[in-house]
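In what follows, a single structure is set out as structure tokens and then discussed.
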Amino acid sequence: SLAPTPQQIGDLEPTAPGDLPAVVLSLEEMSRKGSGLGRRSNTIEGGALPWSSAIDLADPVLPTEPDFSLLSEDRLVLILPHGGLVKLDGTAGQLATADLTITVAGVPRPVVVDTPTGDQVRADALTGTLTFATPLPGTGLVEAHYFLGSWEQRLVRLSGRLRVDVCAGVLNDLRSLSNAVMAALAEEEATGGIDQLLTIDASGIGAILPPASEFANARRQSLRFSFTYEHQINRPESSGGIIQRVPLVAHVSALLVDKKTGTIEEAVETESDLETSP
């Protein structure tokens, strides 16, 4: 709805007359709030989070678990890094080609619900294991694209300043386009146009600069807006699959007290390393 209609909108500067008029976006300042101790993730269930994994057949291990092989000795069963796979629509059930795609060394492997034959593969959605009809080769990548029914979501609040440079070769076009951009971002509907954008407010209007030869002889005016945005980070940190080992250190403090006198005879501190598998 901007008038005159920009030839380009984004983070590219105009370099030729055909690029004008242009709207150039940049983030001058940005800070993240609430990223200290006590940060928590919320578990999301009942949807379908698209995810991808790549496993090197020459070294089929996870970076965090170099001693555990994801591939069986007969090279017929491969464990994906995640379990709890779901269908494309988020429901449980046997996975087919629409719900899971597998390639081995770049060659697609058909996903079937029955016993695999030839180059086919069958998936166990609950455990995230793949069963192949023939042994996997000694080298190459197995690439899997699947959907998870449970994952962790963390919200990170970002605050900062958006700089909008309006560029045009004609002065009247520049003024008209600057006014149109200001009106579009200042109206109440602007926050509804971007998911998780909480606030955006005009904070500055710069002077109109003379033509710049390095930017297609365009005139330029800078508009600035302060904003608050809530960024969603979705990651399957504990979505089934490989059992994670979590190291723990236990600290125990004790006081030895004389029952008769009530005086402290000795202060004892012990420390021990534990390991647990959730």
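Side-chain atoms are counted along with the backbone in the values below, which use heavy atoms only and exclude waters and symmetry mates.
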Short side-chain donor-acceptor distance under 3.5 Å, Ser53 and Tyr146 | yes
Between Thr199 and Thr228, does any side-chain donor sit less than 3.5 Å from a side-chain acceptor?
-> yes
Residues 167-176 side chain polar contacts: donor-acceptor under 3.5 Å, at least two apart:
residue, atom, partner, partner atom, Å
Ser176, OG, Asn172, O, 3.0

If I compare all heavy atoms of [X] with all of [Y], which pair ends up nearest, and what's the gap?
{"X": "Arg161", "Y": "Ser203", "answer": "CD-OG, 4.1 Å"}
{"X": "Pro236", "Y": "Glu152", "answer": "C-OE1, 3.7 Å"}
{"X": "Asn234", "Y": "Trp151", "answer": "OD1-NE1, 2.9 Å"}
{"X": "Ala58", "Y": "Pro60", "answer": "C-CD, 3.8 Å"}
{"X": "Leu70", "Y": "Ile55", "answer": "CD1-CD1, 3.9 Å"}
{"X": "Ala216", "Y": "Leu20", "answer": "O-CD1, 3.7 Å"}

First locate atom [atom1] of [X], then atom [atom2] of [Y], and finally report the distance between them rounded to the nearest 0.5 Å.
{"X": "Arg122", "Y": "Thr115", "atom1": "CZ", "atom2": "OG1", "answer": "7.0 Å"}
{"X": "Thr103", "Y": "Glu143", "atom1": "OG1", "atom2": "CD", "answer": "4.5 Å"}
{"X": "Phe147", "Y": "Thr91", "atom1": "CZ", "atom2": "OG1", "answer": "11.5 Å"}
{"X": "Leu197", "Y": "Leu162", "atom1": "CG", "atom2": "CG", "answer": "9.5 Å"}
{"X": "Leu95", "Y": "Thr101", "atom1": "CG", "atom2": "OG1", "answer": "11.0 Å"}
{"X": "Thr97", "Y": "Leu88", "atom1": "OG1", "atom2": "CG", "answer": "12.0 Å"}

Quick one: are [X] and [Y] in side-chain contact, heavy atoms under 4.5 Å?
{"X": "Leu57", "Y": "Val104", "value": "yes"}
{"X": "Leu223", "Y": "Val166", "value": "yes"}
{"X": "His145", "Y": "Trp51", "value": "no"}
{"X": "Val164", "Y": "Val24", "value": "no"}
{"X": "Pro81", "Y": "Leu62", "value": "yes"}
{"X": "Leu78", "Y": "Val142", "value": "yes"}
{"X": "Leu177", "Y": "Leu2", "value": "yes"}
{"X": "Tyr229", "Y": "Met30", "value": "no"}

Yes or no on side chain to side chain donor-acceptor pair (under 3.5 Å) for Asp165 and Ser222, after CA distance, side-chain angles and deciding distance?
-> CA-CA 4 Å; Asp165 286 331; Ser222 296; 2.4 Å; yes
Hey, does the side chain of [X] reach the backbone of [Y] with a donor-acceptor pair shorter than 3.5 angstrom?
{"X": "Ser26", "Y": "Glu28", "answer": "no"}
{"X": "Asp59", "Y": "Asp56", "answer": "no"}
{"X": "Gln221", "Y": "Gly206", "answer": "yes"}
{"X": "Arg163", "Y": "Leu27", "answer": "no"}

Side-chain heavy atoms nearer than 4.5 Å, only ILVMFWY residues, links allowed to pass through others: does that put [X] and [Y] together?
{"X": "Val156", "Y": "Ile200", "answer": "yes"}
{"X": "Val181", "Y": "Ile194", "answer": "yes"}
{"X": "Ile205", "Y": "Val23", "answer": "yes"}
{"X": "Leu185", "Y": "Met182", "answer": "yes"}
{"X": "Leu126", "Y": "Val113", "answer": "no"}

side-chain contact (heavy atoms from CB on, under 4.5 Å) between Gln196 and Gln232, intermediate numbers included = CA-CA 8 Å; Gln196 303 301 123; Gln232 292 183 354; 3.5 Å; yes
Carboxylate-amine/guanidinium proximity below 4.0 Å for Arg224 and Glu29 | no
Are the charged groups of Asp119 and Arg109 less than 4.0 angstrom apart, N to O?
-> no
Set of salt bridge (Lys or Arg N to Asp or Glu O under 4.0 Å) partners for Glu230, sequence neighbours left out | Arg157
Val111 vs Ile102, side-chain contact (heavy atoms from CB on, under 4.5 Å): CA-CA, chis, key distance, verdict = CA-CA 7 Å; Val111 178; Ile102 303 293; 4.3 Å; yes
Go through the steps for Leu130 and Leu100 under the test side-chain contact (heavy atoms from CB on, under 4.5 Å), then give the verdict.
-> CA-CA 11 Å; Leu130 305 177; Leu100 171 69; 4.0 Å; yes
Could you walk me through whether Asp89 and Asp99 pass side-chain contact (heavy atoms from CB on, under 4.5 Å), step by step?
-> CA-CA 8 Å; Asp89 59 5; Asp99 317 305; 5.8 Å; no
Test the Arg220-Phe215 pair against the cation-pi criterion, namely NZ or CZ under 6.0 angstrom from the six-membered ring centroid and within 45° of the ring axis.
-> yes
For Glu214, does the CD atom have more than 12 heavy-atom neighbours from other residues, nucleotides or ligands under 6.0 Å away?
-> yes
